[in-house]
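Right, one structure below, let's go through it.
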Amino acid sequence: MDFLVNIREAVGSAIKTLYDIDLSSDQIVLNETRKEFSGDYTYVVFPLVKQLKKKPTDIGDEIGQWLIENRTQIAAYETVQGFLNLTLVDDFWFKSLIDIGHADHYGYSSPMHKKVLVEFASPNTNKPLHLGHIRNILLGWSCSKILKANGYEVVNTQIINDRGIAICKSMLAWKKFGNGATPESTCIKGDHFVGDYYVAFEKAFVAEYEDFQQRDEGEAVYHASGSTETKEAFFKKYKNQYFNEHSALGAEARQMLMLWEQGDAETLALWKQMNQWVYDGFDVTFDKLGVTFDSTYYESDTYLLGKKVIEMGLDRGVFYKKEDGSVWIDLEDVGMDQKLLLRSDGTSVYMTQDIGTAQQRFEDYGMDKMVYTVGDEQDYHFKVLFEIMKRLGESYAEGLYHLSYGMVELPEGRMKSREGTVVDADDIVAEVIEEARLLSAERGEIESLPKSEQDDILRKIGLAALKFFIVKVQPKKKMIFDPKESVDMQGQTGPYIQNAYVRIQSVKRKMAVGLNLDWNGYNTLNEYEKILVKHIMNFPDIVKEAGEQLDPSTIANYTYVVAKDYHRFYHEVRILNAESEAAKSFRVVLSDTIGYVLLHAFDMLGIEMPERM
RNA sequence: GGUUCCGUAGCUCAGCUGGAUAGAGCAACAGAUUUCUAAUCUGUCGGUCACAGGUUCGAAUCCUGUCGGAAUCACCA
């Protein structure tokens, strides 16, 4: 629904008639007039100046005059320097609002019959989810919603890193120190339970390592290295090598990994048990955040994939083999490096897995596009992956997109697990809901509701604060997360926008039964009403832009501006006791439409609206 | 060192397909409701858009360079 197409065509006709210049209507850009000038939309005439060799103001006046005389939609014009400000007749706004009221699923595109996979979350099984995961999850989920709104068929997926040495560390620690404990027996959420054993392993390992450094053995390693660094500095860097070459715990963990790879029944059973605990814990957190997945891939299934593709690529000469048997691709002609795809011993690397997983997904879903929600530290990896898929000639290669996002930092700097500054996902969710509870208690607005309903409202408010705080920032920018600010509920926040929606619902509840929603007789908009109609008209474009850019912050910032202007309207203009029945009808419809836009825009951000607060 | 990303008010962020006097929120201060939910509204204070060139009628926005910050450059994932 393009409301301005007639206006653009009118300007085009004016230019054609007056100057015999052909401009298609999409070449004519109309900007919203800045509020310090009178007018609704502005046409910039500077580009015509050179061609016509006339003064900008004269051109503006001529076009404006022509429009007044020949087009009924134009009520007035004013030329300021090279800016032609056009004021539209009030009827234009009324008609637009009626059209919107009659539209099905306003703001949403009709199905395009294109399928897109959106991958997000993708956690490891040895640590509970933290703030970084929350940003990932919210971005992925929101983009999935936005793509749906843009007419795509969307499949939400994740890939879980459930194998490797890390999970063996947790398993080993549980065997050593667990005494058969379970999440049930200890009442600890499964992912935290397993994470605790991972930490326990690290602690035991560090103790072992420090002991080693004190003993003759450690002394000998330090001297044998011939290092010029202090002993302390040397051992700081030596940690990995110690793990692999000297550590008893390291040897045990590696032994376990070997047993896992050989399919040892006991090891696999423990692995499955511990992973299940983690998944149960993750599910609780996903549920709290309100996200679901249509499919899940596990690295334990996919880590051997990709070798077939490597064979095919070798046959086609896309890849090449070195003498030692390792397989590579040379991307230097496009400014990238040579990249290893298969080790000399024939085992696969991360890239191989990703190639294989992409193929697997194509076999499973036949998608046209795929979005990977992964942090920006992997920008290069995905650049390489996409180039490889292109060279392999995959049909979906052009549709691959890395939704890259910046790191989440605290005001003190990066989160560090060693320093215990990692913000846990479950903790921050609980905190922000608690804050909502405190603030709500002060207001006393929902006291009379049943407890379960109150809890539901507080959950929605708290999560809105958290989610909006994160999703309002452009994905690619790194963001500073101040826990104190994230629980704010005033100003540019989720609850502020919810409050606008709640006010609208309140108005609708109080509206007289059987109100005539025909506003015949109301024919002059005030400035507060007009700006709201303009916002409503912009909604489809905002959704489209967010879809093209895969940027939820576009929608987040839009909802804020809409809510802000609604609050002002609400403050300045009487709705239920308006000056006339027609005015009242119009304002209720206008409010209702704003409510629609806020509700659906928030839904695209994965944020729920309460009816009261 | 190579490559990529970022740098806008004290803080957190918008604005970036070039348009008018660069916007919000927070913080600080001063106000507003006998009337639809004050999680609201109004006002004051706050800027060398990192810096320097270039393109243009016009640059926070595009180009080049410099400075500062981050990421990445494994037969790790």
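Order of the sequence lines sets the chain letters (A, B, ...), proteins ahead of strands, with each chain counted from 1.
Contact annotation: A:R568 side-chain N/O to B:U42 OP1/OP2 distance is under 4.0 Å. Note on A:Y566: every side-chain N or O is 4.0 Å or more away from OP1 and OP2 of B:C36. Phosphate contact (OP1/OP2 of B:G7, side-chain N/O of A:K477, threshold under 4.0 Å): present. Side-chain nitrogen and oxygen atoms of A:S506 include at least one within less than 4.0 Å of the OP1 or OP2 phosphate oxygen of B:U37. In this model, the phosphate group of B:C57 is approached by a side-chain N or O of A:K50 to a distance below 4.0 Å at OP1 or OP2. Within the structure, every side-chain polar atom (N or O) of A:K564 is placed at least 4.0 Å from both OP1 and OP2 of B:C41. Note on A:K476: a side-chain N or O is less than 4.0 Å away from OP1 or OP2 of B:C6. Look at A:Y380 and you won't find any side-chain N or O under 4.0 angstrom from OP1 or OP2 of B:A71. Of the side-chain N and O atoms in A:R343, none sit less than 4.0 angstrom from OP1 or OP2 of B:A74.
Residues A:T125 and A:D162 bring no donor and acceptor atom of their side chains to less than 3.5 Å of each other. Side-chain atoms of A:T57 and A:T79 include no donor-acceptor pair closer than 3.5 Å. In summary, the side chains of A:E548 and A:N150 do not present any donor paired with an acceptor at a separation below 3.5 Å, with no hydrogens or angles considered. No side-chain donor from either of A:E581 and A:Y522 sits under 3.5 Å from a side-chain acceptor of the other. Side-chain N/O atoms of A:D376 and A:H402 include no donor and acceptor closer than 3.5 Å.
Set against B:U42, B:U37, B:C13, the side chain of A:K510 has B:U37 as its closest nucleotide. Side-chain proximity of A:K478 to B:A71, B:G69, B:C36: nearest is B:G69. Of all nucleotides listed (B:G19, B:A14, B:U40), B:A14 comes nearest to the side chain of A:Q474. Closest to the side chain of A:Q492, out of B:A24, B:A14, B:A77, is B:A24. Set against B:C41, B:U12, B:U35, the side chain of A:N577 has B:U35 as its closest nucleotide. Among the nucleotides B:C75, B:C11, B:C36, the one closest to any side-chain atom of A:E485 is B:C11. Side-chain atoms of A:I480 lie closest to B:U12 of the nucleotides B:U40, B:U12, B:C75. Here the nucleotide nearest the side chain of A:D379, chosen from B:C41, B:U4, B:U12, is B:U4. Distances from the side chain of A:F46 to the nucleotides B:C57, B:U40, B:C36 place B:C57 closest.
The pair A:D40-A:K534 meets the salt-bridge criterion, with a side-chain N (NZ, NE, NH1 or NH2) lying under 4.0 Å from an Asp/Glu carboxylate O.
Among the atoms of the strands shown, base atoms are found under 4.0 Å from some heavy atom of A:I461. A:Q378 comes within contact range of at least one nucleobase, with a heavy-atom separation under 4.0 Å. Heavy atoms of A:Q490 sit under 4.0 angstrom from primed sugar atoms or phosphate atoms, though from no base atom. Counting non-hydrogen atoms under 4.0 angstrom, A:M479 reaches the backbone sugars and phosphates but no base. Within the nucleic acid shown, A:Y560 comes within 4.0 Å of sugar-phosphate atoms alone, with no base atom in reach, counting heavy atoms only. Within the 4.0 angstrom heavy-atom criterion, base atoms lie near A:R34. Within the nucleic acid shown, A:R587 has no heavy atom closer than 4.0 Å to any nucleic acid atom. Among the atoms of the strands shown, base atoms are found under 4.0 Å from some heavy atom of A:I575. Counting non-hydrogen atoms under 4.0 angstrom, A:V334 reaches nothing in the nucleic acid. Among the protein residues, A:V44 comes within range of the nucleic acid bases, having at least one heavy atom under 4.0 Å from a base atom. Counting any heavy atom pair closer than 4.0 Å across all strands shown, A:V473 reaches sugar-phosphate atoms only and no base atom. Looking at heavy-atom distances under 4.0 Å, A:N85 makes contact with a base. Nucleic acid contact class of A:D324 (heavy atoms, under 4.0 Å, all strands): base. Residue contacts for A:P47: at a heavy-atom cut-off of 4.0 Å it reaches a base atom on one of the strands shown.
Using a 30° and 60° split on the angle between ring planes, A:F468 and A:F602 fall in the tilted class, from 30° to 60°. In this pair, A:Y242 and A:F205 present their aromatic rings tilted. The plane angle is within the 30 to 60° band.
Pair assignment for B:U44: B:A28, on the basis of Watson-Crick or G-U wobble contacts that are both within less than 3.5 Å. Under the Watson-Crick or G-U wobble criterion, with both distances below 3.5 Å, B:G23 is paired with B:C13. Base pairing annotation: B:A60 forms no Watson-Crick or G-U wobble pair, as no partner gives both donor-acceptor distances under 3.5 Å.
Along RNA chain B, the nucleotide nearest A:W328 and the nucleotide nearest A:R612 are compared for position; the residue whose nucleotide lies closer to the 5' end is A:R612. If you find the closest nucleotide of RNA chain B to A:I457 and to A:E545, the one lying nearer the 5' end belongs to A:E545.
Checked by distance alone, A:S344 brings a side-chain donor or acceptor within 3.5 Å of a matching partner on the base of B:C75. Side chain A:T42 to base B:A20: a donor-acceptor pair is found below 3.5 Å.
Taking the P atoms as reference points, B:G25 lies 24 Å from B:U34, given to the whole Å. B:A20 and B:U61 have their C1' atoms separated by 15 Å, given to the nearest Å.
Formation of a donor-acceptor pair under 3.5 Å by the A:T373 side chain with backbone atoms of A:E119 is found in this model.
Atom CG in A:L340 sits roughly 10 Å away from atom P in B:A77 (whole-Å rounding).
Aromatic stacking is marked for A:F83 over B:A20, as both cut-offs hold: 5.5 Å for the centres and 30° for the planes.
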